[in-house]
Structures are given as structure tokens and as C-alpha cells.
Peer 1: 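Following this message is one structure expressed as C-alpha cells.
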Amino acid sequence: AEAERTRCRGCPVVAQSPILETPSAVNKIKQLLKDKPEHVGVKVGVRTRGCNGLSYTLEYTKTKGDSDEEVIQDGVRVFIEKKAQLTLLGTEMDYVEDKLSSEFVFNNPNIKGTCGCGESFNI
């Protein structure tokens, strides 16, 4: 009720973006897609896997699925599978490199626990 009182009539409702990419993630996706002109972006999802329940998936995509949510940031198109949309709400997607590895990392505020190796999580 309080939210209704503070919102003005006719003001647009701004929804929270389901996923936010860091500049590092945006740049890496741009670099990866440069060599794949037939793909329009990347698709993020979650799968039942690992010792703690869920893990992330990331793949190239040529089209937006009917129920995918699209996030465009700095010209990069990221599609979120329907069953992952609530799981990923508010998540930051980053790309990190160190001496031993380079990978996309999801900083998800909804996670309640992870496995010891960090490959799976639960909500």
C-alpha cells in the first residue's frame, strides 16, 4: 500500500533488471560474438546439476526464444531462459581473469548455499 501512495499517477514503473553485466563481461561477450556473426547474443540459464542443486549455463544463441527475457547492455544482448528469470533476478554477471583461469562469474544475491567446489548452488 505504501508503494502505491508514493508512486505518482502516470509515472513509469521501473522494474529491476534480471541481470547486470559488468564492463568486463560486456567486453568479453562482444569479443566472443565478433567471431560468430550468425549469433545475436548469449543465453543464460540454470540446470539441475551438481551436489547442491543448480548450476549456470551460458551458450551462444541465434534467436530470442518466445519466453526468454532480453537484456541489452552496451549493445550486448543477453537472453535469460524463462525458468531462470526469478533465480537470476538482481544477479551481476562478471568476467574475471587471473593467472590460472578466466571465466564468467555470477554474483547472485538469491543464493542460499553453494557446494564446496563452487560449481553448484541452491536458492
Side-chain angles (χ1 to χ4, degrees):
E2 183 171 5
E4 289 181 357
R5 284 189 299 233
T6 58
R7 194 175 75 208
C8 68
R9 290 199 187 283
C11 292
V13 176
V14 179
Q16 180 178 7
S17 177
I19 195 165
L20 173 70
E21 302 107 62
T22 65
S24 177
V26 167
N27 290 336
K28 185 61 178 181
I29 293 170
K30 283 181 180 178
Q31 178 187 351
L32 292 170
L33 289 173
K34 188 171 34 173
D35 298 331
K36 303 200 177 308
E38 70 278 11
H39 293 90
V40 298
V42 294
K43 185 176 289 197
V44 179
V46 293
R47 297 284 181 268
T48 303
R49 187 177 331 173
C51 53
N52 218 322
L54 299 169
S55 65
Y56 299 105
T57 63
L58 185 63
E59 58 192 30
Y60 298 108
T61 187
K62 294 180 180 180
T63 60
K64 177 186 182 292
D66 290 339
S67 57
D68 291 348
E69 182 155 350
E70 181 177 6
V71 176
I72 301 173
Q73 187 174 325
D74 297 327
V76 169
R77 297 171 74 187
V78 174
F79 303 97
I80 303 166
E81 293 179 346
K82 182 177 178 131
K83 72 179 194 174
Q85 290 170 9
L86 288 177
T87 302
L88 292 171
L89 189 63
T91 295
E92 176 192 72
M93 179 180 174
D94 195 9
Y95 183 76
V96 295
E97 294 181 271
D98 62 29
K99 291 179 182 179
L100 299 176
S101 67
S102 59
E103 62 186 342
F104 285 99
V105 175
F106 295 88
N107 299 309
N108 188 333
N110 306 305
I111 290 179
K112 301 290 186 241
T114 60
C115 65
C117 65
E119 291 296 318
S120 64
F121 63 94
N122 66 60
I123 301 284

Peer 1: Quick check on the hydrophobic clustering: are Y56 and V105 connected, directly or via other members, by side-chain heavy-atom contacts under 4.5 Å?
Peer 2: no
Peer 1: Drop me the distance from L89's CG to T91's OG1, to the nearest 0.5 angstrom.
Peer 2: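 One gets 7.5 Å once the value is rounded to the nearest 0.5 Å.
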Peer 1: Indicate, with yes or no, if V40 and L33 share a hydrophobic cluster defined by side-chain heavy-atom contacts under 4.5 Å among Ile, Leu, Val, Met, Phe, Trp and Tyr.
Peer 2: no
Peer 1: Same cluster or not: are F106 and L32 linked, directly or through other Ile, Leu, Val, Met, Phe, Trp or Tyr residues, by side-chain heavy atoms under 4.5 angstrom apart?
Peer 2: yes
Peer 1: Over all heavy atoms of both residues, which pair between E21 and A25 is shortest? Give the atoms and the distance, please.
Peer 2: CB-CB, 4.1 Å
Peer 1: For H39 and Y60, take the angle between the two ring planes, folded into 0 to 90°, and tell me which bin it lands in: parallel under 30, tilted 30 to 60, perpendicular over 60.
Peer 2: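 The rings of H39 and Y60 sit tilted, inter-plane angle from 30° to 60°.
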Peer 1: On a heavy-atom basis, which atom in T22 and which in D94 lie closest, and how many Å separate them?
Peer 2: OG1-OD1, 2.6 Å
Peer 1: Would you be so kind as to tabulate the donor-acceptor pairs closer than 3.5 Å made by side chains of residues 74-85, with sequence neighbours excluded?
Peer 2:
{"residue": "R77", "atom": "NE", "partner": "E70", "partner atom": "OE2", "Å": "2.5"}
{"residue": "R77", "atom": "NH2", "partner": "E70", "partner atom": "OE2", "Å": "3.1"}
{"residue": "E81", "atom": "OE1", "partner": "R47", "partner atom": "NH1", "Å": "2.9"}
{"residue": "E81", "atom": "OE2", "partner": "R47", "partner atom": "NH2", "Å": "3.2"}
{"residue": "Q85", "atom": "NE2", "partner": "S67", "partner atom": "O", "Å": "3.0"}
{"residue": "Q85", "atom": "NE2", "partner": "I80", "partner atom": "O", "Å": "3.2"}

Peer 1: What is the minimum heavy-atom distance between M93 and F104, and which atoms define it?
Peer 2: CE-CD2, 3.5 Å
Peer 1: Identify the two heavy atoms, one from P109 and one from G90, that lie closest to each other, and give their separation to 0.1 Å.
Peer 2: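 Scanning both residues, the minimum pair turns out to be CD-O, 3.5 Å.
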Peer 1: Identify whether V26 and L58 are in the same connected component of the hydrophobic contact network (ILVMFWY, side-chain heavy atoms under 4.5 Å).
Peer 2: yes
Peer 1: Give, for atom CG of D68 and atom NZ of K43, the distance between the pair rounded to the nearest 0.5 Å.
Peer 2: 3.5 Å
